[in-house]
Amino acid sequence: MGKTKLKDVLTAEVARIDKAQIAKRHERVIEGFTDEPCPRAVIGGKKYHLFNSNDYLGLRFHEKLREAEEEASRKYGAGPGAVRFISGSMFIHQELEKEIASFHGREDAMVFSSAFAVNMAVIHCMIKGQSKDSLVENSTLVISDQLNHRSIIDGIRVAGLPRENKAIFKHMDLDDLRRVLEENAGKFKRALVISDGIFSMLGEAQDIKKLQEVIDAFDDKYEQGVLSIIDDAHGVGCYGAGGKGCEEMFSGKCDLLIGTMGKAFGADGGYVTGDKEYIEYLRESAATYIYSNPISPGTAGAALAALRVIQSAEGKKLLETLAENVAYFKDEIKKAGFTLAVESDHGIQPILIGDAEKTKALTNALFDASFIVTNINYPVVPKGADEIRVQLSSLHQKEDIDAFIAACKEAWKLIL
Ligand SMILES: Cc1ncc(COP(=O)(O)O)c(C=O)c1O
């Protein structure tokens, strides 16, 4: 009987979500992909061009990744069999960690099941940072960019800090960050500054060099320093001339860099990389690393193959093609009369629509014309900033982009 009441409460919550038209559970299920140069997704027997995938280099379809996945799976088994410290640590995991560290010019790296899992553990661990008897939780100040990803917000939430230990700086506003650091200097033993590298809603890039300069200026004003944690999930693999993300783009370096292998790497899983003291400590304390399975050996093999492709001449070409596609798209969509919400040179390009109903109508019309994009509405973006998020890939051909823009123009005529 009690559970009937619970089910009523849960059903009412789902009904509220449906009424607000923010439901996410009606997923479009992909039945397969065509084998064209830019594979199209097959849904309900019809072919669709994806302009909303994080696979910015198209690596998930790369033969080297598929072969490496199969080879690792044959060698080690389909799954890890246990968590890392029991018997789930394979040579392929270690090899991947070493190559991630070297790719980002760091001493060590740790691989997790996802970047979400990295944030959940790393933020919490860097807040406490000592043995149970000498917790310093209340002496850490966490400073987070206003528009950070949900995994960072939840990572801070699970740490359960009192309100006064948490601060937010205005989105990408380094003067505001400086103000927060200044106001709190001497009050806390340690500060953590956490930010996305690329912000996924608009494709904006945090200038890591300038951010780090602000942080460094305050490092000796906190007994244990100011630690920077950058989650560059959308930047690693596809941003910067060598695909090393925002650090490379801005010639900056943070203390702990978090990335995912589930976007530009075309595989799956998350990682954190940094100095060995941080990583050794995290291997001893990060719950989602210690008590949760690592990625499967096959996925580790695919991610390692991706890392090698990205660093090869072929990878350089893929990165150049992505940059060309982004530049081409930006020019052509503006010529077609649309406005971009921000100027970004990342694969994420937001078309500003400014009205929730119109974004939905445009997304639906594009779907009917066989193109899939994502509409982003309030409260994810401010009121009046509703947008269509377009994500470009190295695999998009010029004619795909032309066809997409023509479809946008046609659809817009019907909406106006
Ligand atoms: C900034 C950021 N961090 C973390 C994630 C989650 O990545 P993963 O799918 O590896 O958990 C995302 C994905 O949307 C992201 O944009």
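Ligands are counted one by one from 1 in listed order, and the atoms in each one are counted from 1 as well.
Defined by atom type and a distance below 3.5 Å, a donor-acceptor pair is present between the side-chain atoms of Gln391 and Tyr56. Residues Tyr278 and Asp108 have side chains that never bring a donor and an acceptor to within less than 3.5 angstrom of each other. Residues His149 and Ser151 bring a donor and an acceptor atom of their side chains to less than 3.5 Å of each other.
Below 30°, between 30° and 60°, or above 60°: for Tyr271 and His104 the angle between ring planes is between 30° and 60°, a tilted geometry.
A salt bridge between Glu343 and Lys334 is present, with a side-chain N of the basic residue lying under 4.0 Å from a carboxylate O of the acidic one. Ion pairing between a basic and an acidic side chain is recognised when a charged N comes within 4.0 Å of a carboxylate O; Lys98 and Glu95 show no such pairing.
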Exercise answer, ligand 1 polar atom pairs (N/O) under 3.5 angstrom:
from, atom 1, to, atom 2, distance (Å)
ligand 1, 3 (N), Asp231, OD1, 3.4
ligand 1, 3 (N), Asp231, OD2, 2.5
ligand 1, 10 (O), Ala115, N, 2.8
ligand 1, 10 (O), Thr260, OG1, 2.7
ligand 1, 11 (O), Ala115, N, 3.2
ligand 1, 11 (O), Phe116, N, 3.0
ligand 1, 14 (O), His149, NE2, 3.3
ligand 1, 14 (O), Lys263, NZ, 2.9
ligand 1, 16 (O), His234, NE2, 3.1

